Each structure stands twice: as structure tokens, then as C-alpha cells.
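On a predicted model such as this, the values are computed, not experimentally measured, just so you know.
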Amino acid sequence: DQILKTAGYSQANRENQYLCRHLRQKKDMTRHEYTHNDIFEFEAGGSITGLKVVYHCSEKPYEPGQKVIWICHALTANSDAQDWWPELVGPGRLFDTEKYFVVCANMLGSAYGSSGPASINPETGKPYYFDFPMITVRDIVRANDLVRQHLGIEHIDFMVGGSIGG
């Protein structure tokens, strides 16, 4: 942006240049959904069966020994870190999705696919709404850990996030 500003580009033109770079970026993190078939007990009480956690990860499957970067998203974001952190996540970026195995699991209770108040309660066939158990940060971590185990990851080399994800 500073280079474009120095070259005399207007604010609108700089924003257009940024959008063009963002749209050209190769999207190589793919969306997945993990379902935990056992009972998931919440720290503050209550439980659900069939807990779902949506996550995005590098296209190439994880291989044991590969360096792992785990991104924890902010409260209102989703698991597509390339969407909201395009300057940092992707091929050739700081969190290089071709060099490292990069994972971002959707936060438990989020509106972006993981189990939460809008999920269908299998007992009633209707959304849980206020009947969904209260969620703690430890519950979110435990749900992320289920995804880690599902992927066969034994060690996370670098974990980063902003807001509640930090």
C-alpha cells in the first residue's frame, strides 16, 4: 500500500489493487467437517451427541513429522483463514500452506458449521437455541483437540490467533 501511495495512486485505486491481489490468491485450504460420534460433555454441564466441527486445512494430507501451524480464529470469524488473513495465509505467505500443514478449526458454537445453538437437536428435530449447553473456552479447545486427533497430528509446532482465538 505504501508503494502504491508513493507512486501517486488514489485511495480507491489502492483498494482496487488490494482486491485484485486478494482475488488472485490461490485458495488451497479445503473445507472439511468432522463428526464426533460419542457424547461430548460440556464443562458447564450438558452434553450432545454427534458434535460437528468444521475445519479448513492444507490440500495435501497431513504426514507424520510434517510441521503443523494451527490457526485459532476470532469469535466472529470462520475456519477459512485464507479468507480473513489473506496477507498471512497461503502459498508463499508467512503461514505457507504448501510448506507447512496449516489447520484452522471452526469455533464450537459458531454460525459457520460447527455445532452450536442453531444446530438441530436430534431429540426434537428443531434447533437447540437456548437449550444448547453453555460453551467455555476449554470446550472449544477440547473440540479442536478432537480434530487434531482425527487428523493424526501428535504435535503442533506453532499456534496463533487473534481475539478469543489468541
Side-chain angles (χ1 to χ4, degrees), residues 25 27-91 93-166:
Q25 180 181 345
K27 298 285 266 183
D28 71 336
M29 286 186 70
T30 54
R31 183 186 191 277
H32 304 273
E33 186 176 288
Y34 167 71
T35 302
H36 181 65
N37 293 318
D38 292 331
I39 295 172
F40 186 88
E41 301 279 345
F42 289 81
E43 181 182 33
S47 65
I48 64 170
T49 54
L51 175 85
K52 289 187 175 143
V53 181
V54 169
Y55 64 96
H56 281 72
C57 64
S58 300
E59 280 185 323
K60 294 179 184 174
Y62 170 73
E63 296 178 19
Q66 188 176 10
K67 297 277 187 200
V68 175
I69 296 175
W70 197 283
I71 299 172
C72 302
H73 69 74
L75 184 61
T76 57
N78 59 44
S79 60
D80 187 358
Q82 276 187 293
D83 187 45
W84 47 266
W85 250 0
E87 298 84 4
L88 296 177
V89 181
R93 305 279 198 271
L94 180 62
F95 306 130
D96 191 327
T97 51
E98 293 175 343
K99 186 176 180 182
Y100 309 108
F101 188 74
V102 180
V103 182
C104 183
N106 188 241
M107 193 175 294
L108 185 60
S110 166
Y112 294 100
S114 292
S115 293
S119 299
I120 302 299
N121 181 338
E123 294 177 14
T124 65
K126 297 179 181 178
Y128 283 99
Y129 295 134
F130 294 110
D131 292 331
F132 196 81
M134 290 190 58
I135 301 169
T136 67
V137 172
R138 284 186 186 94
D139 294 325
I140 295 166
V141 171
R142 286 182 36 246
N144 281 346
D145 198 48
L146 290 172
V147 173
R148 179 196 61 80
Q149 291 171 34
H150 167 72
L151 292 170
I153 297 170
E154 291 193 24
H155 178 79
I156 295 171
D157 296 282
F158 186 74
M159 184 175 275
V160 65
S163 181
I164 193 172

Query raised in the report: Of all residues at least two apart in sequence or in a different chain, which pass the salt bridge (Lys or Arg N to Asp or Glu O under 4.0 Å) check with Asp96?
Result: none

Report task. Under the salt bridge (Lys or Arg N to Asp or Glu O under 4.0 Å) rule, collect the residues that match up with Glu43, sequence neighbours excluded. Result -> Arg138

Atom pair [atom1] ([X]) and [atom2] ([Y]), whose distance is rounded to the nearest 0.5 Å:
X	Y	atom1	atom2	value
Glu63	Phe101	CD	CZ	10.0 Å
Arg142	Leu51	CZ	CG	9.0 Å
Cys104	Gln82	SG	CD	10.5 Å
Asp139	Phe40	CG	CZ	5.0 Å
Phe42	Leu108	CZ	CG	5.0 Å
Asn106	Lys52	CG	NZ	13.0 Å

Query raised in the report: At their closest point, which heavy atom of Ile71 faces which heavy atom of Phe95, and how far apart are they?
Result: CD1-CD1, 4.3 Å

Are the side chain of [X] and the backbone of [Y] linked by a donor-acceptor contact shorter than 3.5 Å?
X	Y	value
His73	Ala81	no
Arg31	Val54	no
Thr97	Val89	no
Thr30	Glu59	no

Query - Worked verdict on Glu98 versus Asp28 for side chain to side chain contact (heavy atoms under 4.5 Å, CB included) - result: CA-CA 8 Å; Glu98 293 175 343; Asp28 71 336; 3.8 Å; yes

Query raised in the report: Checking side chain to side chain contact (heavy atoms under 4.5 Å, CB included) for the pair Trp85/Arg93: CA distance, chi angles, key distance, verdict?
Result: CA-CA 10 Å; Trp85 250 0; Arg93 305 279 198 271; over 6 Å; no

Requested in this report: Hey, could you give me each pair passing side-chain hydrogen bond (donor to acceptor under 3.5 Å, both in side chains) that has a residue in residues 115-134? Not counting sequence neighbours.
Outcome: none

**Report entry** All pairs passing side-chain hydrogen bond (donor to acceptor under 3.5 Å, both in side chains) where residues 149-166 contributes a residue, at least two apart
**Finding:** Asp145-Gln149, His155-Asp157

Query - Residue pairs involving residues 69-82 (criterion salt bridge (charged side-chain N to carboxylate O under 4.0 Å, His left out); sequence neighbours excluded) - result: Lys27-Asp80

Report task. Would you list the pairs meeting salt bridge (charged side-chain N to carboxylate O under 4.0 Å, His left out) in which at least one residue belongs to residues 99-112, sequence neighbours left out? Result -> none

Query raised in the report: Should we count CZ of Phe132 as having more than 12 external heavy atoms under 6.0 Å?
Result: yes

